[in-house]
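Notes to accompany the following structure.
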Amino acid sequence: MTDDFTPLRSVLYMPASNERALEKAKTIACDALILDLEDAVAPDAKPAAREAACAAAASGDYGRRTVTIRVNGVGTEWHAADLVAAAAAGPDAVVVPKVESADQVRALAAALEWAGAPDHTRLWAMVETPRAIFEVRDLAAASDRLACLVVGSNDLVKELYAEHVPGRAPILPSLHLVLLAARAAGIQVVDGVYNDVKDAEGFAAECRQGRELGFDGKTLIHPGQVEEANRAFAPSPEAVEDAEGLVAAWEAGAGSGVVTHRGRMVEHLHVESARRTLAVAEAVAALDREA
Ligand SMILES: CC(C)(COP(=O)(O)OP(=O)(O)OC[C@H]1O[C@@H](n2cnc3c(N)ncnc32)[C@H](O)[C@@H]1OP(=O)(O)O)[C@@H](O)C(=O)NCCC(=O)NCCSC(=O)C[C@H](O)C(=O)O
Ligand SMILES: [Mg+2]
């Protein structure tokens, strides 16, 4: 975990063509926004959406929230203009859908550089095709500008001819590979969306599963999903209390290679995990204080 770690518990997509949603987002308690120019925007509306997304990203009106723009994919008629405009607006990240190779990541990073994107504008790559899953290890490590992998579970399910089912068995191997690649490369990774915005129970179960797998957070499609994602992807008060006790037990046994805490064996690796839990909790608390 780096010093500049920014929580990404709740990452809300919104169509950049939806003026009302762009305005409402200023008051939504999500950690990050993806102002979408891709799937959620009809072809005719794309030029206006691009302008609105760039104006929003440059406005500084979204406070503590990480603001990103999802451009249209490489090879589409809108991609180049989206990338150039997004680079000039300087959001926190440019999100590129359907990235499929390390070469593509390097080309995207070079294009952002060429277009004059500021250093703080990171690249987020969406992993959502079978080819990307096979390439994800190299893709994740291909550029210093790449800061996050984003699972596109709708496209993945479509490409696999699979089905959306509780527990997500059809895409679990892919989720694991994306996580492994992100952790090996030392970058963040956020889970895919849950489409049924009225199913609070199913959504909560999927958040819990995503957290247990190791995701930093979840992409969302509706403001009603933010509160649960924020809760699920932050260390619980019980987890913080346990981590504090574990670190204290370790420090009290200074010099010994192994101690116990609440009956459990504690070695140095457990202390590292506990310290990470405390650091994530502190980063979340600091973000919430800015709200
Ligand atoms: C899913 C929706 C179309 C539902 O819209 P709607 O029926 O209008 O919802 P509500 O009436 O419940 O809305 C209540 C208020 O909240 C605002 N709202 C709704 N959604 C958002 C949002 N995403 N961001 C900000 N604000 C939002 C409404 O404007 C209402 O406000 P008010 O009138 O003031 O009360 C809709 O939620 C939606 O469009 N969601 C986002 C869809 C999207 O962006 N899709 C693309 C990304 S998903 C994807 O492609 C992932 C990936 O690529 C993959 O392959 O998996
Ligand atoms: Mg997609």
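Counting convention: from 1, in listed order, for ligands and their atoms alike. In this text the structure is predicted, and so the values were computed from the model without any measurement.
Counting only heavy atoms from C-beta outward, the side chains of His164 and Asn154 approach each other to under 4.5 Å.
Tyr13 CB, 3.4 Å is the protein heavy atom nearest to atom 44 (O) of ligand 1. Regarding atom 17 (C) of ligand 1, its nearest protein heavy-atom neighbour is Lys24 CD, 3.5 Å. Protein heavy atom in closest approach to atom 32 (P) of ligand 1: Arg20 NE, 3.5 Å. Scanning the protein for heavy atoms near atom 41 (C) of ligand 1, the closest one is Ile221 O, 3.3 Å. With hydrogens left out, the protein atom closest to atom 45 (N) of ligand 1 is Ala40 CB, 3.6 Å, a heavy atom. For atom 50 (O) of ligand 1, the closest non-hydrogen atom on the protein side is Arg70 NH2, 3.3 Å. Summary of contacts: the protein heavy atom closest to atom 12 (O) of ligand 1 is His222 NE2, 2.7 Å. Taking atom 24 (N) of ligand 1 as the reference point, the nearest protein heavy-atom neighbour is Met14 CE, 3.3 Å.
Remark: the Tyr13 side chain and the Asp39 side chain contain no N/O donor-acceptor pair separated by less than 3.5 Å. Counted by atom type alone, Thr68 and Asp92 present zero donor-acceptor pairs between their side chains at under 3.5 Å.
Within a 6.0 Å radius of CZ in Arg106, more than 12 heavy atoms belonging to other residues, nucleotides or ligands are found.
At a 4.0 Å cut-off, at least one heavy atom of Met126 sits close enough to ligand 1 to count as contact. At least one heavy atom of Pro15 sits under 4.0 Å from some atom of ligand 1. Judged by the shortest distance from any of its heavy atoms, Ala25 lies outside the 4.0 Å radius around the atoms of ligand 1.
Counting atoms of ligand 1 from 1 in the listed order, those under 4.0 Å from a heavy atom of Pro223 are 16 (O), 18 (N), 19 (C), 20 (N), 21 (C), 22 (C), 26 (N), 27 (C). Atom numbering of ligand 1 starts at 1 in the shown order; those under 4.0 Å from a heavy atom of Leu12 are 23 (N), 24 (N). Distances below 4.0 Å separate heavy atoms of Asp39 from the following atoms of ligand 1: 50 (O). The distance from ligand 1 to the heavy atoms of Glu128 drops below 4.0 Å at these ligand atoms: 52 (C), 53 (O), 54 (C), 55 (O). Ligand-side atoms of ligand 1 in range of Ser153: 54 (C), 56 (O), range being under 4.0 angstrom from any heavy atom. In summary, the atoms of ligand 1 found under 4.0 Å from a heavy atom of Asp36, numbered by their order in the structure, are 46 (C).
Residue contact annotation: Glu128 places an N/O/S atom under 2.8 Å from the Mg ion (ligand 2). Taking backbone and side chain together, Glu38 holds no N, O or S atom under 2.8 Å from the Mg ion (ligand 2).
One finds a salt bridge joining Arg275 and Glu251 here, because a Lys/Arg side-chain nitrogen approaches an Asp/Glu carboxylate oxygen to under 4.0 Å. Residues Glu228 and Arg231 are paired through a salt bridge, judged by an N-O separation under 4.0 Å between the basic side chain and the carboxylate. A salt bridge does not link Arg122 to Asp144: none of the charged nitrogens lies less than 4.0 Å from a carboxylate oxygen. Using a cut-off of 4.0 Å between Lys/Arg side-chain N and Asp/Glu carboxylate O, Glu113 and Arg145 are scored as salt-bridged. In summary, Glu238 and Arg262 do not engage in a salt bridge, as defined by a charged side-chain N under 4.0 Å from a carboxylate O.
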Go through it in stages, so that I can follow the logic: the residues are Glu100 and Thr129, the test is side chain to side chain donor-acceptor pair (under 3.5 Å), and I'd like the CA-CA distance, side-chain angles, deciding distance and then a yes or no. CA-CA 7 Å; Glu100 294 200 305; Thr129 64; 2.6 Å; yes
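Annotation: side-chain contact (heavy atoms from CB on, under 4.5 Å) contacts of Ala234 (sequence neighbours excluded): Arg9, Val284.
One finds the CE atom of Met126 at 10.0 Å from the CG atom of Leu156 (value rounded to the nearest 0.5 Å).
Taking any N or O of Glu38, backbone or side chain, none lies under 3.5 Å from an N or O belonging to ligand 1.
Both the backbone and the side chain of Asn154 come within contact range of ligand 1, each with a heavy atom under 4.0 Å.
Shortest distance from the Mg ion (ligand 2) to Asp155 is reached at OD2 (N/O/S atoms only).
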